[in-house]
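Right, one structure below, let's go through it.
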Amino acid sequence: MLKEKTIVVGVTGGIAAYKSAQLVSDLVKEGCDVHTVMTRNALNFINPITFETLTGHKCLTDTFDRNFQFNVEHVALSQRADAFLVAPATADLIGKASNGIADDMLSTMLLAANCPLIIAPAMNTYMYENSIVQENLQKLRRHGFIIVEPAVGRLACKDVGKGKLPDIPVLIESLRAVFEEKQDLSGIRLLVSAGPTIEAIDPVRYITNHSSGKMGYAIAEAAAKRGAEVCLVSGQVALDAPCGVERISIRSAEDMFNAISERLPDADILIMAAAVADYTPVVYADQKIKKKDGEMTIELKRTKDILKYAGENKKEGQIICGFSMETENLIENSRKKLLSKNCDIIAANSISESGAGFKTDTNRITLISKDRIRELSLMSKLEAADILLDEIASMRKK
Ligand code: CTP
């Protein structure tokens with residue numbers, strides 16, 4: 001899978017830089033065309049000749065090196081790369097990358113790259129746990145970087161804690177994962193809902209919510225990539241349908257109920273990631289709104305609970321997943337929903353959590369099933385979608 005891939009390995013000035021030589025050597029053995037780029041501080045830890053001997057290419061260190069052929073080297077190689085891995089990545093490099101600073105060859109190339117970007121931080125535990133470093137890593141995650149968590153152990157400074165560069169096989173696995181196209185959901189029919197519903201008060205006014213649809217779309221995208229046949233029932237959102245996904249666009253909770261109930265008998269999995277409005281205005285034959293003394297009164301009635309309907313009509317072997325938004329007692333309230341709606345799994349969100357919820361690209365969810373609770377860390381919605389699909393796939397096997 002890694003064979004013939006062009007991999008750029010960035011090396012920054014940390015003691016773990018000596019391990020990068022082994023990483024590069026192993027990648028060359030895997031059949032990769034490896035190019036290396038070092039920061040000036042990395043030169044204090046390891047000699048570029050080591051990398052040049054291992055890769056057969058000049059190790060890039062300086063944007064203003066006049067011995068190069070006249071092409072814009074950082075752009076050319078960054079554009080050609082299939083993946084870019086910085087290992088070890090110091091707090092300094094993480095700080096620069098997360099702020100768009102490009103003041104040397106490595107940080108410039110990172111900014112110019114158009115491929116999966118992987119960062120493997122390695123530093124002293126206190127530095128790693130510093131909230132500024134953590135915020136910078138979160139920012140990188142939001143921008144699509146893959147962060148390989150450092151390992152725990154005895155560090156060069158003799159402190160014991162998180163901050164070690166992970167073992168080389170872990171780093172190589174992180175590269176392999178970006179090229180992997182798992183097809184484990186092939187033949188599975190997934191029905192997924194996303195986005196808000198719009199409940200009309202009259203031809204002009206409506207009630208809706210802040211759902212952006214990003215979580216449901218991430219699930220549809222991840223499942224389609226893994227080979228599932230995906231039907232996405234979507235409220236009005238500003239997102240393109242993911243590649244290979246059939247999209248049914250709806251407006252109201254009633255439309256969503258109709259679209260889902262019609263397709264439910266054929267689905268192997270239903271995931272209700274939509275933010276369905278719980279209430280809709282009562283529509284009178286003559287008038288919808290009661291106006292009195294300049295005040296407007298809107299009478300609301302409950303919408304049909306689509307998830308509950310699906311739970312009541314669940315077929316043998318079908319898996320039903322709901323999402324929950326809770327302000328308090330996340331686990332307890334989600335468990336109640338799991339039982340009352342006869343679902344197999346609930347993906348619970350805490351509404352007060354920063355970086356999680358409606359408009360963000362990241363989410364922190366807790367997966368709750370009858371016999372298991374799995375708390376996920378803050379991650380991109382696409383990563384969270386993949387883990388949710390893993391969990392559902394393992395339930396189907398049982
Ligand atoms: N849901 C649904 N139909 C509705 C309302 C909600 O299918 N009319 C689904 C949502 O898509 C979600 C799950 O039910 O997957 C839970 O939604 P949530 O709003 O958290 O729960 P409610 O049952 O509406 O309860 P409450 O708002 O009181 O917490």
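One-based numbering, in listed order, for ligands and for the atoms of each.
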- Give a yes or no on whether a salt bridge exists between Arg176 and Glu173, defined as a side-chain N under 4.0 angstrom from a carboxylate O. yes
- Answer with side chain, backbone, both or neither: which part of Asp278 has a heavy atom less than 4.0 angstrom from an atom of ligand 1? side chain
- Region of Lys341 engaging ligand 1 - heavy atom pairs below 4.0 Å: side chain
- Message: Determine whether any protein heavy atom is located less than 4.0 Å from atom 7 (O) of ligand 1.
- Response: yes
- Out of Ile320, Ile346, Asp305, the nearest non-hydrogen contact to atom 1 (N) of ligand 1 is supplied by Asp305
Considering the heavy atoms of [X], write down every atom of ligand 1 situated less than 4.0 Å from one of them.
X: Gly322; value: 15 (O)
X: Met325; value: 20 (O)
X: Met272; value: 7 (O), 11 (O), 12 (C), 15 (O)
X: Ala274; value: 10 (C), 11 (O)
X: Thr303; value: 8 (N)

- Using 30° and 60° as the class limits, which term best fits the ring planes of His35 and His57: parallel, tilted or perpendicular? parallel
Shortest protein contact, [atom] (heavy atom only):
atom: atom 9 (C) of ligand 1; answer: Leu307 CB, 3.9 Å
atom: atom 20 (O) of ligand 1; answer: Lys337 NZ, 2.7 Å
atom: atom 16 (C) of ligand 1; answer: Phe323 O, 2.9 Å
atom: atom 3 (N) of ligand 1; answer: Ile306 N, 3.1 Å

Surrounding [atom1] of [X] (heavy atoms of other residues, nucleotides or ligands, distance under 6.0 Å), is the total greater than 12?
X: Lys308; atom1: NZ; value: no
X: Arg263; atom1: CZ; value: yes
X: Ile331; atom1: CD1; value: yes

- Item | NZ or CZ of Lys304 within 45° of Phe257 ring axis and under 6.0 Å | yes
- Message: Within 45 degrees of the ring normal and closer than 6.0 Å to the centroid, is that where the cationic atom of Lys5 sits relative to Phe179?
- Response: yes
- For this output row, return yes or no: ring centroids of Phe45 and Tyr18 closer than 6.0 angstrom. no
- Output yes when a side-chain donor or acceptor of Asn209 lies under 3.5 Å from a complementary backbone atom of Ala275, and no otherwise. yes
- Close approach, Lys304 and ligand 1, non-hydrogen under 4.0 angstrom: yes
